[in-house]
Asker: 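One structure is given below, represented as structure tokens, and several questions about it will come after.
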Amino acid sequence: MLSPESLAKIDKEIAKYPAGQKQSAVMAALRIAQDELGWLSSDTLEFVAGYLGMAPVAVYEVASFYNMYELAPVGKYKITVCTNLSCTLMGADSISAHLKSRLGIGFGETTADGRFTLKEGECMGACGDGPLFLVNNKRMCGCLSSEKVDQILAELK
Amino acid sequence: MANEVIFHSIHQPESWKLSSYLATGGYEMLKKVVTEKVPPEEIINQVKISALRGRGGAGFPTGLKWSFMPRHFQGDKYLVCNTDEGEPGTFKDRDIIRFNPHQLIEGMAIAAYTMGVKVGYNYIHGEIWEAYERFEEALEEARAAGFLGDNLFGTDFCFNLHAHQGYGAYVCGEETALLESIEGKKGQPRFKPPFPASFGLYGKPTTINNTETFASIPYIIRHGGQKFLELGKPNNGGTKIFSVSGHVNKPGNFEIGMGTPFAELLEMAGGVRSGHKLKAVIPGGSSVPVVPAEIMMDLTMDYDSIAKAGSMLGAGSVIVMDETVCMVKALERLSYFYFEESCGQCTPCREGTGWLYRVIHRIEHGQGRAEDLDLLANVTSNISGRTICALGDAAAMPVQGMLKHYRNEFEYHVEHKKCMV
């Protein structure tokens with residue numbers, strides 16, 4: 001189900017916690033699984049549950065509680081735009097509008113070619129760099145202007 | 001005294017590297033307390049003298065918190081750092097772990113020595129992956145250099161520290177939700193008591209402090225609590241990092257003495273964006289009541305001054321709004337946030353945050369009713385103080401603050417079905 005590289009990363013996470021507390025690694029295990037597979041299917045959740053010795057429902061509870069996990073397929077690049085107050089004051093509305101028109105989709109939608117998913121996010125703890133978005137939960141792009149957004153989109157092949 | 005305690009090396013190239021930290025005397029204080037076996041009571045006493053108060057928002061005296069930990073308890077105990085910074089307007093801890101991670105590690109190690117703890121975790125906000133990776137690298141450097149691990153400096157002191165990444169849940173900034181999250185569960189706050197000092201992570205005694213709090217410790221040990229206190233003002237010791245965002249020319253983090261006038265902080269942030277004038281400020285993150293410009297311009301930035309004005313310093317997260325801001329629209333966005341982030345455990349919060357959002361949404365969209373303002377006040381009073389954690393209060397306070405100071409804008413929206421701004 002998961003590559004040896006991913007399993008090695010999960011093992012490294014398990015080692016952070018006391019013996020008998022493997023469940024503590026579930027958030028990292030789901031993140032690592034999602035990085036490899038793009039999203040978390042019920043098969044993936046069951047695999048993670050088996051690997052950590054947890055009940056599948058306990059893994060599902062975690063996967064559905066934290067909003068950076070994807071329980072349905074998303075595009076190759078998931079762009080999550082912060083639209084909370086600081087970012088909005090600093091221009092998130094126009095960045096969102098620009099993204100929607102460039103990609104031809106709204107929040108919560110994926111382009112027909114499967115390349116982009118656009119999501120609306122909550123505060124990312126980087127308000128000084130607003131307006132900003134996060135690509136695939138990893139790469140934060142801040143101090144955005146329409147031109148900068150165009151440049152970033154061009155890089156995401 | 002700007003950048004005196006934490007951001008002192010922020011302008012150095014690669015300030016986050018161990019070599020840069022060592023060049024500024026880094027880890028000397030850890031080595032001193034461990035090898036000279038400085039009595040823990042003495043360290044706690046200095047922290048008490050410093051008047052360091054919890055930088056995560058609650059402002060609880062750190063020395064007092066540390067004294068709650070059962071030092072002679074023989075079983076496992078844990079130390080946890082809260083870097084789960086998700087309160088809108090707050091972005092200081094990200095810069096601490098990006099630019100000075102070793103000072104946080106040293107502060108945690110000194111705290112671990114003081115409270116007799118062997119294992120710690122730093123819980124880092126999910127969305128700041130690059131900062132998380134940098135912190136992991138700093139941990140590796142500290143382990144390799146013998147500042148983390150077993151039998152440090154040839155003594156019997158052991159401290160192992162790990163990073164735990166969150167994955168998108170504001171409520172995990174609440175300390176007991178954060179503990180649940182480290183345990184691999186959904187982050188729902190625990191009923192207190194018991195408090196974490198007796199029943200914390202894995203049911204063991206645990207102390208949880210904010211990133212900036214821990215990062216202040218090496219300075220207090222080096223210079224003494226009195227010097228730290230004097231950087232601020234009585235009962236509000238030290239410098240504080242203020243995160244300034246919104247309608248300013250130069251948003252960013254500014255480490256300045258507690259008690260600095262707000263007007264000076266605003267100037268450091270480049271002032272209100274050109275051609276506009278200040279309307280209002282949310283001085284401590286989205287959860288605290290808004291303060292109108294004319295009141296704010298007379299305040300100093302410390303816990304006591306902001307509290308006197310009916311708001312809170314919180315985590316020092318200053319959201320600046322100019323005259324173009326519609327307060328109904330601003331509050332609609334904040335109320336959506338609390339509705340979205342309520343963990344659903346307590347009925348007053350789960351249902352109440354939905355009511356708040358829906359009522360403010362309809363006012364903003366021209367469908368408000370005459371009785372809606374009283375309804376909002378009623379809903380907030382039915383949430384406040386009736387929930388396990390402070391998220392309910394955090395949802396209610398912005399609404400109460402807006403209705404207190406900008407009721408006329410809400411009334412105008414209801415009556416004219418449009419905005420007055």
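Quick note on labels: first sequence line is chain A, next is B, and so on, each numbered from 1.
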Asker: Can you tell me how far CD1 of B:Ile319 sits from OG1 of A:Thr88, rounded to the nearest 0.5 angstrom?
Answerer: 10.5 Å
Asker: Relative to chain A, which segment of B:Glu340 carries a heavy atom at a distance below 4.5 Å: side chain, backbone, both, or neither?
Answerer: side chain
Asker: Tell me which of these, A:Asn67, A:Thr80, A:Leu30, A:Leu85, has more heavy-atom pairs under 4.5 Å with chain B than the rest.
Answerer: A:Asn67
Asker: Given that the side chain runs from C-beta out, which part of B:Thr90 has a heavy atom under 4.5 Å from chain A: side chain, backbone, both or neither?
Answerer: backbone
Asker: Is it true that A:Asp93 and B:Arg333 have a side-chain N and a carboxylate O under 4.0 angstrom from each other?
Answerer: no
Asker: In terms of heavy-atom pairs under 4.5 Å with chain B, which of A:Met140, A:Glu13, A:Glu122 leads?
Answerer: A:Glu122
Asker: For chain B, which of A:Leu89, A:Asp129, A:Asn137, A:Val59 has the most heavy-atom pairs under 4.5 Å?
Answerer: A:Leu89
Asker: What's the verdict on side-chain contact (heavy atoms from CB on, under 4.5 Å) for A:Ser24 and B:Tyr121, showing C-alpha distance, side-chain angles and the deciding distance?
Answerer: CA-CA 11 Å; A:Ser24 285; B:Tyr121 294 95; over 6 Å; no
Asker: Below 4.5 Å from any heavy atom of chain A, which atoms of B:Glu133 appear? Answer side chain, backbone, both or neither.
Answerer: neither
Asker: Got A:Gln21 and B:Ile182 here, is their nearest side-chain heavy-atom distance under 4.5 Å?
Answerer: no
Asker: Nearest 0.5 Å please: distance from the CZ atom of A:Phe65 over to the CD atom of B:Glu180.
Answerer: 10.0 Å
Asker: Side chain, backbone, both or neither: which part of B:Ser181 has a non-hydrogen atom closer than 4.5 Å to chain A?
Answerer: both
Asker: Taking the six-membered ring for Trp and the single ring otherwise, decide whether the centroids of B:His162 and A:Tyr17 are under 6.0 Å apart.
Answerer: no
Asker: Shortest non-hydrogen contact from A:Gln23 to B:Lys185?
Answerer: NE2-CG, 3.8 Å
Asker: Counting N and O atoms only, with roles assigned by atom type, does the side chain of A:Lys16 sit under 3.5 Å from a partner on the main chain of B:Ala163, one being a donor and the other an acceptor?
Answerer: yes
Asker: Side chain, backbone, both or neither: which part of B:Leu161 has a heavy atom under 4.5 Å from chain A?
Answerer: neither
Asker: What part of B:Glu332 gets closer than 4.5 Å to chain A, counting heavy atoms only: side chain, backbone, both or neither?
Answerer: neither
Asker: Below 4.5 Å from any heavy atom of chain A, which atoms of B:Val119 appear? Answer side chain, backbone, both or neither.
Answerer: neither
Asker: Would the distance check show the side chain of B:Tyr336 and the main-chain N or O of A:Asn84 forming a donor-acceptor pair, the cut-off being under 3.5 Å?
Answerer: no
Asker: CH2/B:Trp129 to CZ/A:Arg31 distance, rounded to the nearest 0.5 angstrom?
Answerer: 4.0 Å
Asker: Does some side-chain heavy atom of B:Arg273 sit less than 4.5 Å from a side-chain heavy atom of A:Met90?
Answerer: no
